[in-house]
Amino acid sequence: MAYFDDWLNSQHKYPIYQGDPPTTESDYNARISFPEGVSRPSWSEVVAGVALQEVLSKRVHAYFSEDIQGLSLQLEKIYDDIDAGKFGEDAKTGQFYKFIKDIKQKYPKPE
């Protein structure tokens, strides 16, 4: 559950603990501390943040298709859409928009 550290670090919380990240509220309360002056997020905030971090990580992985070719593919799609005159609402019919929309639908943000 590396997403635990990723999300808390993105919130500038920097958890202090040893071993694996907690998987339950009681484990979180017992083992996780934070630097002095850093407010402790509730377990429900952590669970929601970890879920969001997982989705964002999967999206980034899908956007970049594991290598630089994914970025090249996106730039090609943007170029082709611009070259085809896809602007404004018409841009939503372009390759790039559809590519990103498909990924966002595949990995929706948790509610």
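Given the structure is predicted, the values throughout are model-derived calculations rather than measurements. In what follows, residues are counted from 1 in the order of the sequence shown.
Counting only N and O atoms by type, the side chains of Lys13 and Ser39 include a donor and acceptor under 3.5 Å apart. Side-chain contact of Asn29 with Ser26: a donor-acceptor pair under 3.5 Å is absent, judged by distance alone. In this model, a donor atom of one side chain and an acceptor atom of the other lie less than 3.5 Å apart for Asp5 and Tyr17.
Using a 4.5 Å heavy-atom cutoff, the side chains of Ser42 and Val47 are not in contact. At least one side-chain heavy atom of Phe34 sits less than 4.5 Å from a side-chain heavy atom of Ile32. Put simply, the side chain of Val60 does not reach to within 4.5 Å of the side chain of Leu56, judged on heavy atoms. Counting only heavy atoms from C-beta outward, the side chains of Trp43 and Pro22 approach each other to under 4.5 Å. The closest side-chain heavy-atom distance from Tyr28 to Pro41 is below 4.5 Å.
Between the side chain of Ser10 and the main chain of Trp7, a donor-acceptor pair closer than 3.5 Å is present.
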Test side chain to side chain contact (heavy atoms under 4.5 Å, CB included) on Ile82 and Phe87 and set out the steps. CA-CA 7 Å; Ile82 291 169; Phe87 297 100; 4.0 Å; yes
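Within the model, atoms CD1 of Ile100 and CD1 of Ile78 stand 8.0 Å from one another, a figure rounded to the nearest 0.5 Å. Here the NZ-NZ distance, from Lys101 to Lys92, works out to 8.0 Å after rounding to the nearest 0.5 Å. Distance check, rounded to the nearest 0.5 Å: CG of Asp90 to CG of Asp81 gives 9.0 Å. Between Glu76 atom CD and Asp83 atom CG the span is 10.5 Å, to the nearest 0.5 Å. Separation of atoms OH (Tyr3) and CG (Leu8) is listed at 15.0 Å; rounding is to 0.5 Å. With rounding to the nearest 0.5 angstrom, the CD atom of Glu25 is 8.0 Å from the OG atom of Ser44.
Residue Tyr97 is not grouped with residue Tyr107 when hydrophobic side chains (ILVMFWY) are merged at heavy-atom distances under 4.5 angstrom, including chains of intermediate members. No chain of hydrophobic side-chain contacts below 4.5 Å, direct or via other Ile, Leu, Val, Met, Phe, Trp or Tyr residues, connects Tyr14 to Ile16.
Annotation for Phe99 and Gln74: closest pair CE2-CG, 3.6 Å, computed over non-hydrogen atoms. Of all non-hydrogen atoms in Lys109 and Arg59, the two that sit nearest each other are N-NH2, 3.6 Å. Lys86 approaches Thr93 most closely through the heavy-atom pair NZ-OG1, 3.2 Å. In terms of heavy-atom proximity, Pro108 sits nearest to Val55 at O-CG2, 3.3 Å.
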